[in-house]
Protein chains: 2
Amino acid sequence: MIGDRWSLLILRDCFLRVRRFEEFQSRLGVTRHVLADRLKKLVRFGVLRRSPYQESPTRYEYILTQKGLDLYPVVMAIVHWGDTHMVDERGRPMLHEHKSCGKVFDPVLVCSECGEPIVAKEVHVHAGPGAAEGMAKELAARAK
Amino acid sequence: MIGDRWSLLILRDCFLRVRRFEEFQSRLGVTRHVLADRLKKLVRFGVLRRSPYQESPTRYEYILTQKGLDLYPVVMAIVHWGDTHMVDERGRPMLHEHKSCGKVFDPVLVCSECGEPIVAKEVHVHAGPGAAEGMAKELAARAK
DNA sequence: TTTTATAGTTCCATTTTAGAACTGTATGGC
DNA sequence: GCCATACAGTTCTAAAATGGAACTATAAAA
């Protein structure tokens, strides 16, 4: 769903309160053709909804659904990784303020059970109830 | 860097301890051509390093660098979103156990300052020191 | 009457990806 | 010695996705 050049950038802009076709297009520089297609796809996946904001002519804007809002950790994790590893000497392009505590913050991924930050080496993966036998087979089936 | 169909899937497999060309290829079903290219790119970005594991013929495996390990929150956030919104009736394909506390957990994104879970509506964004004037301009410059 | 705003669609050239076969070094079986 | 297998790629062509630019449609404003 996000495996293409633009979907994640579109979603990032959604979280920055961008809602309209022209604004996505001019901010990102994506071609109109591809943008129209990606917005359609994101609506089809239930991540955005297309909502009319005026009549005659009816025009629509794109708004995150709850399913879309739940992608916030994904976008924030990418942004924070970029802030850590990809900024130039000028520093971060944006700062995030947590309204509820009033401070500029970094996002931290923690364990739901013990509250400690999660690092890859401290995690062990095992099969769950929906385990697939083989991933390649699975992907092939899904593509149909 | 991750704006294509395979990079994130390759990285997910890296976190599942996959290291070798053949194993990436057979697990993901990506074409060998594209896989070779993506691995090269990830090495160039400093996310993976190419490390010899035998002589004559010398063969290499791909291992996450620290910069790559730092992408764990990104991958985990996507996996967790999938677990929440995309699983079928069988349930989750995988469970994650936190070695340090011994429990099966979910990843939660919290505020570094107050420790509370972060939701999009509670975050206010403002310009940081490296703020760009216009995003489209910025992307165009970066592409050169 | 012409211009502007907005949200698209259409067309063609370029780039990327898929699919399959091929290359090169070495090991192990017979 | 000869053939099959393992591994990590490279090469080739066809199909699909993307880029770039122009065009459509509705209506308000100048």
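The chains referred to below are lettered A, B, ... by the order of the sequence lines, with proteins before strands, and numbering in each begins at 1.
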What is the distance, rounded to the nearest whole Å, between atom [atom1] of [X] and atom [atom2] of [N]?
X	N	atom1	atom2	value
A:His33	D:dC23	NE2	C1'	14 Å
A:Leu39	C:dT9	CG	P	10 Å
B:Arg59	C:dT25	CZ	C1'	7 Å
A:Arg5	C:dT14	CZ	P	17 Å
B:Arg32	C:dA20	CZ	P	13 Å
A:Asp37	D:dA17	CG	P	9 Å
A:Arg27	C:dA7	CZ	C1'	18 Å
A:Leu35	D:dG19	CG	P	11 Å

Below 4.0 angstrom, N of the basic side chain to O of the carboxylate: do [X] and [Y] qualify?
X	Y	result
B:Asp4	B:Arg38	yes
B:Glu22	B:Arg32	yes
B:Glu122	A:Lys99	no

Donor-acceptor contact present, side-chain A:Arg17 to main-chain A:Phe15, <3.5 Å:
yes
Check this one for me: any side-chain N or O of A:Tyr53 less than 4.0 Å away from OP1 or OP2 of C:dA7?
yes
If only side-chain N and O atoms of A:Tyr62 are considered, is one of them under 4.0 Å from the OP1 or OP2 phosphate oxygen of C:dT6?
no
Among D:dA8, C:dT17, C:dG8, which is the nearest nucleotide to the side chain of B:Val34?
C:dT17
Of the candidate nucleotides C:dG24, C:dT17, D:dG19, which contains the atom at the shortest distance from the side chain of A:Thr31?
D:dG19
Go through the side-chain N and O atoms of B:Thr31 and B:His33 and say whether any donor and acceptor fall under 3.5 Å apart.
no
Comparing B:Lys40 and A:Arg38 on DNA chain D - which has the more 5′ nearest nucleotide:
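The residue closer to the strand's 5' end, by nearest nucleotide, is B:Lys40.
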B:Arg50 vs A:Pro57, nearer the 5' end of DNA chain D by closest nucleotide:
B:Arg50
For A:Phe24, report the nucleic acid contact type (base, sugar-phosphate, nothing); a contact means any heavy atom under 4.0 Å.
nothing
